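Inspection log for the structure reproduced underneath, given as structure tokens.
Only a predicted model underlies this, so the values are computations on that prediction, with no experimental measurement involved. Numbering of residues begins at 1 and proceeds along the displayed sequence.
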Amino acid sequence: MSETPDSAVRTYIDDHRAAFLDDLVEWLRIPSVSAQPEHAADVRRSAEWLAAKLLETGFPTAEVWPTAGAPAVFADWPADDPQAPTVLVYGHHDVQPAAREDGWTGDPFEPEIREGRLHARGAADDKGQVFFHTLGVRAHLAATGRTSPAVHLKLLIEGEEESGSPNFRALVEQHADRLEADAVIVSDTGMWSADTPTVCTGMRGLAECEITLHGPGQDIHSGSFGGAVPNPATEVARLVAALHDEHARVAIPGFYDGVTELTDRERELFAELPFDEIQWLRTAKSTAIHGEAGHTTLERIWARPTAEVNGIGGGYQGPGSKTIIPSSAMVKLSFRLVAGQDPDHIEKAVRAWAADRVPAGIRYEITFGSATRPCLTPLDHPALQSVVRAMGRAFQQPVRFTREGGSGPAADLQEVLGAPVLFLGISVPSDGWHAPNEKVELDLLLKGVETSAYLWGELGKGRHRAD
């Protein structure tokens with residue numbers, strides 16, 4: 001059978017809902033906090049728990065892959081049809097730090113179900129969204145009578161995403177042959193709202209740097225020397241002031257080179273979303289809209305590159321005054337990048353921009369951290385349309401499109417494996433990722449299960465094999 005009967009899928013999910021939630025609760029009890037060394041053993045225990053559960057689910061292969069940091073989990077379930085496309089699901093099993101004194105109403109690692117919501121650290125980000133694939137693939141098999149999925153199904157579940165994925169790219173490069181795929185499904189994202197199911201089509205990249213300016217060899221008297229030697233704090237302020245033009249566009253020469261512009265259709269689709277700008281401002285704890293001229297707020301945060309000052313400092317910061325010219329000052333900058341932009345090019349452009357603006361008498365240093373590349377899947381890509389159809393069947397309503405303003409390791413998968421990245425998530429903004437009392441809506445979690453059950457058949461029908 002090539003089609004998954006919807007009623008059969010829903011019946012299977014209903015029949016196995018309780019056991020599925022019991023397993024998820026057991027996993028959520030493991031405090032797999034990758035950022036805290038005292039939980040290193042818990043992160044490993046989390047990986048081992050998941051690998052064992054995937055074997056129990058039916059995956060013939062499930063392995064714990066070590067890295068220079070926390071371990072990842074790999075699983076593989078080949079299709080009976082050798083010509084079936086290969087799909088890799090990405091997620092992560094590590095979680096953010098959490099303690100009751102942060103404002104939790106209960107123990108963050110003792111899950112509680114209240115009023116249709118499962119509260120625990122990792123419930124939405126990302127254990128719940130990883131785990132729905134286990135019941136989804138079983139429902140897919142049960143409803144179709146298959147003994148293996150309609151696609152060659154692989155999973156890569158990272159253990160360091162909440163710590164910046166420092167070893168992820170090296171892991172992907174090391175195992176690129178086993179991770180080879182025709183499409184990547186990222187289940188570490190969300191939807192617009194419970195009433196508006198959406199599929200994310202892209203994620204911005206990130207480049208960040210710190211610029212330190214040095215002037216006098218030590219702090220010096222502003223009366224004796226002020227006005228006669230360059231002041232590094234003043235020059236940092238000048239750099240910041242020169243970062244944008246009067247239209248809030250980034251003024252670094254070459255910054256917009258290669259940017260993939262929004263199509264008219266994409267702008268129309270963004271405009272269809274029920275966006276309440278006043279409510280959005282409340283969420284942002286801000287009082288006015290600001291940004292690049294000629295673009296809406298959603299376009300600015302999803303599809304336009306940005307430059308932001310993350311921190312600035314120099315000179316005396318204590319009470320009262322201290323009349324000095326400081327010996328140094330610094331600024332931290334981050335650049336969100338969109339499809340078509342190259343982080344290496346951005347670094348070169350920023351270095352050239354700073355070199356042109358720093359005056360004689362000021363010595364400076366620029367330090368860049370590791371960069372994340374942007375990723376974007378075209379709206380008409382057949383694999384993306386398979387995700388849309390599967391989600392539409394589960395939610396029984398039209399599916400709209402968003403992008404993600406943040407950045408993540410998905411672009412590494414796209415770049416190393418050469419496969420399109422697709423996003424399948426059911427979390428909603430109120431789930432409180434990284435916040436106290438994180439939760440997932442159980443109805444939506446089960447819609448994720450249902451979407452997963454339909455997705456493998458949809459992708460299998462499309463035969464989205466790489467050339």
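- You'll find the ring centres of Phe59 and Phe74 outside the 6.0 Å limit.
- Between Tyr90 and Phe168, the angle of the ring planes goes over 60°, which puts this pair in the perpendicular group of the 30/60° scheme.
- Panel note: side chain His140, backbone Ser148; no donor-acceptor pair is recorded below 3.5 Å.
- For the residue pair Pro97 and Ala35, the shortest heavy atom distance occurs at CG-CB, 4.4 Å.
- Between Phe20 and Phe131, the distance from one ring center to the other falls under 6.0 angstrom.
- One N or O on the side chain of Ser187 and one on the backbone of Leu424 form a donor-acceptor pair closer than 3.5 Å.
- Formation of a donor-acceptor pair under 3.5 Å by the Arg389 side chain with backbone atoms of Leu384 is not found in this model.
- Within a 6.0 Å sphere centred on CD of Glu115, other residues, nucleotides and ligands contribute 12 heavy atoms or fewer.
- Here the shortest heavy-atom pairing between Leu55 and Pro60 reads CD2-O, 3.9 Å.
- A donor-acceptor contact shorter than 3.5 Å links the side chain of Ser407 to the backbone of Gly205.
- In terms of modelled atom types and a separation under 3.5 Å, the side chain of Asn167 and the main chain of Thr67 share no donor-acceptor contact.
- For the side chain to side chain contact (heavy atoms under 4.5 Å, CB included) with Leu155, the qualifying choice from Leu50, Val87, Val89 is Val89, the only one to do so.
- Residues satisfying the side-chain hydrogen bond (donor to acceptor under 3.5 Å, both in side chains) test with Lys127, not counting sequence neighbours, are Ser32.
- Between the side chains of Trp433 and Ser427, at least one donor N or O sits under 3.5 Å from an acceptor N or O.
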